[in-house]
Each structure stands twice: as C-alpha cells, then as structure tokens.
**Student:** 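This is the structure I want to talk about, given as structure tokens.
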Amino acid sequence: MGQSRLGHRGWWKMILRPLLAVTAAAFLLSACAVKPKEFGDADRQARAQNDLQTMFLDQEPLLNGLEFHEAIARGLKYNLDKRLKLMERSLAEAGSRNATYDLLPQLAARAGYKGRDSFSSSNSLNTDTGVRTTVFTTSADQRSGAAELALVWNFLDFGLSYVNAQQESERARIAAERRIKVVQNLMVDVRDAYWRAAAAQRLIPRVSRQIKRVDGTIARSKQSIKEGLSDPAKELKVQLALLNHMAKLQDVRRKLSLAKVELAALINLPPGTEYRLKLRKRSLHVPHVKADMFELYELALQNRPELRQEDYEKIIADLEVKKSKLRILPGVEIRVSRNYDSNSFLKESLWASVGGLVTKNLMELVRGPANIKYSKTNVEVANARRRALSMAVITQVHIATIRYGLAKGNFANKNRTFQTADKLSRVLKNSVDGDDVSPIEALEAESKRTVALIEYYAAYADVQNAYGRILNSMGSHRFPESVERLSVTELTEWLQGKVDSWQPIVSDLEVDGQSYGAPTIVRVQPTTRPSKS
C-alpha cells in the first residue's frame with residue numbers, strides 16, 4: 001500500500017537523488033586529492049640561507065683572545081647539540097604538564113540540528129484487539145535543535161591518567177639528565193680541543209719556519225751535489241734525515257691546523273672565523289689527583305647521569321606494574337549533564353540529568369595476570385641493567401685514573417726529552433763555527449728540538465684530556481640550567497674555580513703544578529666500604 005502511494009517519482013526522490021549526490025561528491029573529492037608539495041632548488045636555497053643566519057644568531061661577539069673558561073662558557077651557551085638537548089628537555093617538561101590535564105574530568109559540549117521534509121508520524125496497533133488505528137500522530141517537529149553540556153568522570157581513567165602523569169614527570173627528569181650528560185661531554189671535548197688549539201697557536205708559526213729552513217737546506221744540498229762540491233753519499237744521507245724530519249713536521253702541522261677548527265665548531269663560531277687564544281706566559285700546570293679510589297667509585301655511582309636515568313627508568317617500570325593492576329578493576333563512570341531540546345511537543349525543553357555506569361572488558365581479567373608478570377619482569381630487567389651499568393661506570397673510573405697516570409708519566413718523559421733536545425740544539429748551534437759541527441747537523445738538531453717541543457705540548461693536552469675524563473667519569477659538573485642564562489662574561493667568571501674541581505667532591509682532589517709522576521692515591525678506610533662477604 002505504501003509503495004503504490006509513493007509511486008516512481010517518490011522512489012526517485014528518496015533513494016536515487018541522494019545516491020547521485022553522494023556519488024558526485026565522491027568524484028569531486030577524488031579530483032581534489034592531496035598532492036605532495038614540490039620542494040625545489042629555490043626552497044632548499046632559502047632553507048640553507050635561513051639556517052646560516054639562525055645558527056649563529058644572538059651570539060656575543062668574540063672581541064679579545066679566547067681564554068679557557070670563556071671557551072667552556074661559549075660551549076655551554078652556544079653549542080648546537082647542547083641546545084638540542086635543552087629543547088628536548090623543554091619538550092619533555094611540556095609533555096609532563098600536558099599529562100596532568102588528563103586528570104581532569106571530561107567537559108563536553110554538544111549541539112545539533114535535524115530536519116525532515118515531512119513529519120515523523122505514525123499510527124498504533126492495539127495488541128489486545130488487533131485493531132490498528134487509522135489516525136497518524138507525531139510528537140516531533142519537522143525541524144529542531146538540541147544541545148548538551150556534560151561532565152563525565154571515569155574513576156579508572158583518572159587512576160591511569162594519574163600514573164601516566166607520574167611517568168611523564170620521570171621522563172622529564174630523564175631528559176634533564178641527558179642534558180647534563182651532554183654538558184659533561186661537551187666540557188671534556190672543549191678542554192681537549194682548547195689545549196690542542198693552544199699548542200697549534202704556539203707551534204704552527206715555529207713549525208712553518210722550520211719546514212722552510214729544512215726545505216732550503218735540502219735544496220742547497222742538492223745544488224752542492226750537482227756542482228760536485230761534496231760527497232753525494234753523505235749529502236743524500238743528510239737529505240734523507242732532513243726529509244724524515246720535514247715529513248714529521250708537516251704531519252704535525254696538518255693535525256695542529258685542525259685543532260682550532262674543532263674548537264670553533266664546539267663553541268659555535270662561524271666557519272672561517274679568525275680568533276686567537278689568550279694563553280698565559282707561564283709554565284704548564286698539571287692537575288694532580290689525590291683521592292681514595294673507593295670514594296671515586298661511590299661518587300660516580302651517585303652522580304653519573306646514566307645511572308640517574310636508570311633510577312628514573314626503574315620508577316617508571318614500578319608505575320607500569322601499578323597500571324597493570326589498575327586495568328583489572330572495572331571502570332566506574334559518573335555523568336552529569338544539562339540538556340536542551342527545541343522540540344515544541346516537549347513539556348520541558350531544558351532539564352538536567354545524572355547517571356552512573358560500570359563497565360569492564362572481561363578479557364582484561366584473562367590478560368591481567370600476564371600483563372602484571374610482564375611489568376614485574378621489566379622491573380627486574382631495569383635492576384639488572386642498572387647493576388651492569390654500575391659495573392661499567394666503575395670500570396670507566398678505574399681506567400680513567402690509569403690513563404691519567406700514564407699521561408702524566410708520558411708528559412714527564414716528553415718534558416725530559418725536550419730539555420735534552422733543547423740543550424743539544426743550543427750546544428750545536430754555539431759550536432757551528434768549529435770544524436766538528438756543520439750547519440746541517442745543527443739544523444737537524446733544531447728540527448729534533450721542534451719535534452720534541454710538539455710532542456711535549458701534545459702530551460700536556462693528553463694530560464688535560466685525561467684529567468677531564470676523570471671528572472667526567474665521576475659525573476662532575478652538574479651545573480644548574482640557570483647559570484647558562486648568564487652572559488658569556490658572567491658565566492666565564494662563574495666557571496672559574498669550578499671547571500677543575502667539583503662540589504661536593506672528595507676534599508683532597510686538587511690542582512697541583514708541582515708533580516709530574518703517577519697520581520697519588522691516598523688509601524682511606526671508609527666506614528661504608530662493603531664487606532667481602
């Protein structure tokens with residue numbers, strides 16, 4: 001009956017016309033499919049120019065010579081890797097703050113509109129008599145609007161969100177430790193590069209002059225052979241010896257030339273920037289370590305950023321166990337809302353409602369014990385990983401002290417070698433007018449003196465590097481982030497007295513310019529030493 005009343009035209013309006021409209025919309029959307037934006041050469045050039053401008057933006061100019069502590073300060077303020085870790089920490093802290101918003105209940109607002117081209121009317125059937133009424137009635141307008149403002153709070157979600165917020169807070173602390181580790185490694189790298197650059201600044205002019213003199217002497221020796229003025233065999237031996245010295249000098253000059261470039265990269269100076277180091281005109285002071293090894297081990301285990309990260313990872317793993325237990329509980333939801341409906345047939349168009357709901361995915365009861373066991377195993381793995389890392393840290397401290405002693409011993413040997421080569425060079429230079437010493441022998445001795453001086457400075461740079469690695473192996477230089485907001489001058493002044501020491505640290509770790517031997521280890525019997533059992 002309904003079909004005959006509707007007719008073919010009605011079916012066309014009800015079914016085919018909407019279907020055609022949807023089909024046409026689909027074709028339009030496919031025609032407007034998203035295509036990737038082309039990134040051409042002009043875009044890359046603009047990006048490169050922008051990076052070149054921003055990489056060195058807002059940096060205080062280097063006006064005078066670069067002093068050691070100022071190099072550290074510039075590294076802390078301007079090193080790009082360190083800036084990246086600082087941004088990652090800020091991102092982690094923002095994630096921690098965002099996680100706290102999940103603790104709030106959901107406050108949802110909803111509004112809608114609906115309309116029909118005819119009334120939603122119907123008749124009814126009397127189930128007792130089987131008689132169907134012939135009158136069609138409705139209780140809804142053809143067009144109406146509705147709105148709802150609901151406050152929903154799920155207690156299980158709240159508990160899980162609370163634990164998630166705690167975990168995000170620990171991850172923010174992990175990011176802070178990563179920043180500290182970058183700072184510590186940066187200080188080691190700057191220390192090493194600075195003293196190699198200092199050697200380069202002092203020695204490259206001397207080396208270049210020596211290479212020029214050797215090259216001139218070799219040229220004169222060749223000319224002497226050509227003119228038959230001297231024994232070819234003797235001259236060739238001299239040339240070979242001088243060529244070997246010149247090869248060493250050229251190799252050293254090449255290595256020294258890269259030191260200032262590496263230092264410039266660490267403190268974020270633009271490539272090609274000419275700068276000079278501010279070097280003190282005094283003897284080189286060698287750090288002298290006196291400390292009980294067990295105290296060094298204990299300090300490293302307390303303060304190394306990697307171990308602190310593992311502490312926070314352990315907390316995160318413990319919280320994951322708590323989350324696994326919470327997921328077994330049912331979800332209890334409370335909903336409070338304020339509603340509005342413009343339907344004119346309603347007696348009350350504005351009303352409030354409240355309700356409660358208990359839900360539970362029963363499969364969680366099956367998976368729950370397995371999830372708890374997995375989370376507890378993760379805690380055990382975190383403990384094992386921390387113990388393994390602790391062993392590696394202790395080994396690093398021990399190796400750092402051994403290398404430091406070897407570096408100081410090597411520096412002492414290079415010092416004696418240079419003193420001997422210097423005396424020999426002076427003696428031969430003063431005796432060059434006699435019959436026993438030729439100018440070539442004096443030049444060869446002077447070349448050996450130059451090589452010995454280069455090795456002397458290289459050995460001192462190794463000592464400084466080894467000393468810095470001792471401090472690094474103990475987790476020193478845990479500077480607060482606030483000091484990096486100081487100006488370069490203020491930060492340089494703040495760093496003086498803190499770069500070669502660390503508080504809290506063993507009281508007798510000191511800098512001493514007297515001794516060049518192996519490190520003095522003062523054995524102290526601490527009351528906290530673990531028993532052998």
**Student:** Could you tell me if the side chain of Glu306 sits less than 4.5 Å from the side chain of Val393, heavy atoms only?
**Tutor:** no
**Student:** For Tyr460 and Trp195, take the angle between the two ring planes, folded into 0 to 90°, and tell me which bin it lands in: parallel under 30, tilted 30 to 60, perpendicular over 60.
**Tutor:** perpendicular
**Student:** Roughly how far, to the nearest 0.5 Å, is CG of Leu406 from CG of Asn410?
**Tutor:** 8.5 Å
**Student:** How many angstroms lie between CG in Asn303 and CZ in Arg308, if you round to the nearest 0.5 Å?
**Tutor:** 5.0 Å
**Student:** Whether the side chain of Ser425 engages the backbone of Asp422 through a donor-acceptor N/O pair (distance < 3.5 Å, no angle test) should be reported.
**Tutor:** no
**Student:** Do Arg178 and Ile174 have side chains that approach each other closer than 4.5 Å (heavy atoms only, starting at C-beta)?
**Tutor:** yes
**Student:** Using a 3.5 Å distance criterion without hydrogens, assess whether the side chain of Thr492 forms a donor-acceptor pair with backbone atoms of Val488.
**Tutor:** yes
**Student:** Can you give me the closest heavy-atom contact between Leu249 and Thr450, atom names plus distance?
**Tutor:** CD2-CG2, 3.8 Å
**Student:** Are Lys314 and Asp318 ion-paired here, with the side-chain N under 4.0 Å from a carboxylate O?
**Tutor:** yes
**Student:** Between the main-chain N or O of Pro270 and the side-chain N or O of Thr273, is there a donor-acceptor pair closer than 3.5 Å?
**Tutor:** yes
**Student:** Would you find a donor on one side and an acceptor on the other, under 3.5 Å apart, between the side chain of Tyr456 and the backbone of Arg416?
**Tutor:** no
**Student:** Is the shortest distance from a Lys or Arg side-chain nitrogen in Glu262 or Arg196 to a carboxylate oxygen in the other one below 4.0 Å?
**Tutor:** yes
**Student:** If you measure from the Lys or Arg side-chain nitrogens to the Asp or Glu carboxylate oxygens, is any gap between Arg74 and Glu70 under 4.0 Å?
**Tutor:** yes
**Student:** Does some side-chain heavy atom of Gln464 sit less than 4.5 Å from a side-chain heavy atom of Asp192?
**Tutor:** no
**Student:** Sub-3.5 Å donor-acceptor pair from the side chain of Glu67 to the main-chain atoms of Leu277, do we have one?
**Tutor:** no
**Student:** Between the main-chain N or O of Arg403 and the side-chain N or O of Lys408, is there a donor-acceptor pair closer than 3.5 Å?
**Tutor:** no
**Student:** Measure the OG-NZ distance between Ser324 and Lys376 for me, rounded to the nearest 0.5 Å.
**Tutor:** 10.0 Å
**Student:** Roughly how far apart are Glu446 CD and Arg426 CZ, rounded to 0.5 Å?
**Tutor:** 10.5 Å
**Student:** Search all heavy atoms of Ile372 against all heavy atoms of Ile328 and return the closest pair with its distance.
**Tutor:** CD1-CD1, 3.7 Å
**Student:** Looking at CZ of Arg276 and CG of Leu62, how far apart are the two atoms once the value is rounded to the nearest 0.5 Å?
**Tutor:** 12.0 Å
**Student:** Where the side chain of Asn472 meets the backbone of Gly468, is there a donor-acceptor pair that is under 3.5 Å apart?
**Tutor:** no
**Student:** Do Arg191 and Leu471 make a side-chain contact, defined as non-hydrogen atoms from C-beta onward lying under 4.5 Å apart?
**Tutor:** yes
**Student:** To the nearest 0.5 Å, what is the distance between CD on Gln210 and CZ on Arg449?
**Tutor:** 9.0 Å
**Student:** Using a 3.5 Å cut-off and no angle test, enumerate the donor-acceptor pairs between side-chain atoms of residues 383-390 and protein atoms at least two apart in sequence or in another chain.
**Tutor:**
{"residue": "Asn383", "atom": "OD1", "partner": "Arg386", "partner atom": "NH1", "Å": "3.0"}
{"residue": "Asn383", "atom": "ND2", "partner": "Val379", "partner atom": "O", "Å": "3.4"}
{"residue": "Arg385", "atom": "NE", "partner": "Glu310", "partner atom": "OE1", "Å": "2.9"}
{"residue": "Arg385", "atom": "NE", "partner": "Glu310", "partner atom": "OE2", "Å": "3.3"}
{"residue": "Arg385", "atom": "NH2", "partner": "Glu310", "partner atom": "OE1", "Å": "3.3"}
{"residue": "Ser390", "atom": "OG", "partner": "Arg386", "partner atom": "O", "Å": "2.8"}

**Student:** Contact between Ser208 and Lys212 at the side-chain level, heavy atoms closer than 4.5 Å - yes or no?
**Tutor:** no
**Student:** For residues Leu203 and Leu453, report the shortest heavy-atom separation together with the two atoms involved.
**Tutor:** CD2-CD2, 3.5 Å
**Student:** Pair Leu66, Ile267 - check side chain to side chain contact (heavy atoms under 4.5 Å, CB included), show working.
**Tutor:** CA-CA 11 Å; Leu66 183 64; Ile267 64 177; 3.7 Å; yes
**Student:** Determine the minimum heavy-atom distance between Gln396 and Arg304, stating which atoms define it.
**Tutor:** OE1-NH2, 2.6 Å
**Student:** Are any non-hydrogen side-chain atoms of Trp153 and Glu333 less than 4.5 angstrom apart?
**Tutor:** no
**Student:** Check this for me: does any side-chain nitrogen of one of Glu170 and Arg173 sit under 4.0 Å from a carboxylate oxygen of the other?
**Tutor:** yes
**Student:** With distance as the sole test, does Tyr312 use its side chain to make a donor-acceptor pair with the main-chain N or O of Ala172 at under 3.5 Å?
**Tutor:** no
**Student:** Should Glu60 and Ser487 count as side-chain neighbours, where that means a heavy-atom distance under 4.5 Å?
**Tutor:** yes
**Student:** For residues 455-475, which residue pairs pass the salt bridge (charged side-chain N to carboxylate O under 4.0 Å, His left out) check, not counting sequence neighbours?
**Tutor:** Lys414-Glu455
**Student:** Using side-chain heavy atoms (C-beta onward) and a distance below 4.5 Å, is Thr395 in contact with Met391?
**Tutor:** yes
**Student:** Say whether, by atom type as modelled, one donor and one acceptor occur between the side chain of Tyr194 and the main chain of Phe68 under 3.5 angstrom.
**Tutor:** yes
**Student:** Please check this pair: side chain of Lys260 against backbone of Ala198, looking for a donor-acceptor N/O pair closer than 3.5 Å.
**Tutor:** no
**Student:** Going by salt bridge (charged side-chain N to carboxylate O under 4.0 Å, His left out), name the pairs with one or both residues in residues 241-253, residues two or more places apart or in two chains.
**Tutor:** Asp251-Arg254, Asp251-Lys255
**Student:** Please indicate whether Phe158 has more than 12 foreign heavy atoms, meaning atoms of other residues, nucleotides or ligands, lying under 6.0 Å from its CZ.
**Tutor:** yes
**Student:** Whether the Asn164 and Lys323 side chains hold a donor-acceptor pair (N or O, under 3.5 Å, no angle test) is what I'd like checked.
**Tutor:** yes
